[in-house]
Amino acid sequence: MDEMRPAKRIGELMVERGLVTREQLDHALAEQRLTKEFLGTILVREGYVTPNGLLSALSERFGIPHESLRLERVDWGVAKQFPSSALADGKCFPIRANDESVTVAIANPLDLGMLSGIERVAGFRRVQPVLVLEQELQTVLKAYQQQVLRGIIQNELGTDGRR
């Protein structure tokens, strides 16, 4: 029987890839013990790794593809198929779909469990997570919230803009 090897830790993977030095990793790990922040957050804040470098390493470590998330690449019609309550926590956002799957942007690979709400709404389609930068996800979520708010205001005022 083959023994399963534990997955490499993100810090070790980044050292192996030459994204950070052993000293930088040790410094960030020491800070993590004090602050309890995510290691990647510390590495980026300290300037040891770029956000895209971290995203690439997380993608490799967790086996989740990554991409750049831009407003013009979001299928807003897909997002409107999901109740705002499923998107309210701000940890994921559906960005496109086809007959078989719904692609959902996430910034934290440890948040995969929260995709269950999206899975319930997606019905028969499988949910495909894709890692994106936190800042990009927040930009898309703000744009979505503005669209929802505009819709509420238009419904309140009526289509002609008067009560």
Side-chain angles (χ1 to χ4, degrees), residues 7-20 24-25 28 31-32 35-155:
K8 282 189 182 150
R9 298 181 132 190
I10 191 67
E12 296 300 322
L13 181 66
M14 294 175 87
V15 169
E16 284 180 13
R17 291 182 72 198
L19 294 171
V20 297
Q24 290 170 330
L25 175 60
E31 187 170 335
Q32 183 184 39
T35 65
K36 308 294 186 224
E37 291 176 284
F38 286 120
L39 180 63
T41 300
I42 297 166
L43 291 168
V44 169
R45 184 180 60 240
E46 293 293 322
Y48 296 152
V49 68
T50 65
N52 284 318
L54 174 63
L55 190 65
S56 178
L58 289 170
S59 174
E60 182 179 334
R61 162 61 179 83
F62 289 96
I64 301 170
H66 66 92
E67 67 181 62
S68 177
L69 181 59
R70 302 282 181 254
L71 290 174
E72 61 272 9
R73 296 167 91 187
V74 173
D75 183 338
W76 297 103
V78 169
K80 289 177 183 173
Q81 294 174 16
F82 293 83
S84 353
S85 59
L87 310 176
D89 64 5
K91 296 183 180 200
C92 67
F93 195 84
I95 56 174
R96 62 181 169 270
N98 58 34
D99 290 342
E100 292 86 36
S101 67
V102 176
T103 301
V104 178
I106 62 172
N108 181 351
L110 300 176
D111 281 341
L112 286 176
M114 58 71 205
L115 291 177
S116 60
I118 297 290
E119 288 171 339
R120 282 192 295 276
V121 178
F124 69 91
R125 296 180 289 188
R126 90 182 166 274
V127 174
Q128 303 270 126
V130 62
L131 286 174
V132 299
L133 294 175
E134 176 73 28
Q135 181 180 355
E136 293 174 348
L137 180 59
Q138 292 308 313
T139 298
V140 167
L141 285 163
K142 283 180 187 172
Y144 171 74
Q145 291 165 348
Q146 289 171 348
Q147 286 184 13
V148 169
L149 187 57
R150 275 195 300 273
I152 291 169
I153 291 170
Q154 287 174 348
N155 285 340

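Proximity of Leu69 to Phe93: side-chain heavy atoms (C-beta onward) are nowhere separated by under 4.5 Å. Using a 4.5 Å heavy-atom cutoff, the side chains of Ile118 and Cys92 are in contact. For the pair Ile95 and Val104, the minimum side-chain heavy-atom distance is 4.5 Å or more.
The pair Glu100-Arg126 fails the salt-bridge criterion, with no side-chain N (NZ, NE, NH1 or NH2) lying under 4.0 Å from an Asp/Glu carboxylate O.
The heavy-atom pair separating Ile106 from Pro129 by the smallest distance is CD1-CB, 4.1 Å. Nearest heavy-atom pair, Leu19 versus Gly53, reported as atom, atom and distance to 0.1 Å: CD1-O, 3.8 Å. For Phe38 against Gln32, the heavy-atom pair with the smallest separation is C-NE2, 4.0 Å. Minimum heavy-atom separation, Gly90 to Gln138: O-NE2, 3.5 Å. Shortest non-hydrogen contact noted between Val78 and Pro94 is CG1-CB, 4.1 Å. Heavy-atom minimum distance, Ser68 versus Arg73: O-NH1, 2.6 Å.
Here Asp99 pairs with nothing under the side chain to side chain contact (heavy atoms under 4.5 Å, CB included) rule; sequence neighbours left out. For Phe82, there are no ring pair (Phe, Tyr, Trp, His ring centres under 6.0 Å) partners at least two apart in sequence or on another chain. Looking at residues two or more places apart in sequence or on another chain, you find a salt bridge (Lys or Arg N to Asp or Glu O under 4.0 Å) between Arg17 and Glu60. In terms of the side chain to side chain contact (heavy atoms under 4.5 Å, CB included) criterion, residue partners of Val44 (sequence neighbours excluded) are, by chain and number, Val49, Pro51, Leu54. Scored by the salt bridge (Lys or Arg N to Asp or Glu O under 4.0 Å) test, Glu134 finds no partners at all (sequence neighbours excluded). Remark: Ser59 engages His66, Leu131 in a side chain to side chain contact (heavy atoms under 4.5 Å, CB included) (not counting sequence neighbours). By the side chain to side chain donor-acceptor pair (under 3.5 Å) test, Tyr144 is found to be paired with no residue, residues two or more places apart in sequence or in another chain being considered. Legend: residues meeting side chain to side chain contact (heavy atoms under 4.5 Å, CB included) with Ile10, ordered by chain and number and at least two apart, are Leu13, Met14, Leu39, Ala57, Leu58, Arg61. Scored by the salt bridge (Lys or Arg N to Asp or Glu O under 4.0 Å) test, Glu67 finds Arg96 as partners (sequence neighbours excluded). Residues meeting the salt bridge (Lys or Arg N to Asp or Glu O under 4.0 Å) test with Arg125, sequence neighbours left out: none.
Listed by first and then second residue, the salt bridge (charged side-chain N to carboxylate O under 4.0 Å, His left out) pairs involving residues 74-84 amount to none (not counting sequence neighbours). Residue pairs meeting the salt bridge (charged side-chain N to carboxylate O under 4.0 Å, His left out) criterion with at least one partner in residues 37-51, sequence neighbours excluded, are Glu31-Arg45, Glu37-Arg45.
Summarising the geometry, atom CG belonging to Leu141 is positioned 4.5 Å from atom CG belonging to Leu137; distances are rounded to the nearest 0.5 Å. Atoms CZ and CG, on Arg9 and Leu25 in that order, are 10.0 Å from each other to the nearest 0.5 Å.
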(request) Determine, stepwise, if the pair Tyr48 / Ile42 fulfils side-chain contact (heavy atoms from CB on, under 4.5 Å). (result) CA-CA 9 Å; Tyr48 296 152; Ile42 297 166; 5.9 Å; no
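A distance-only check finds a donor-acceptor pair linking the side chain of Thr139 to the backbone of Gln135 [under 3.5 Å].
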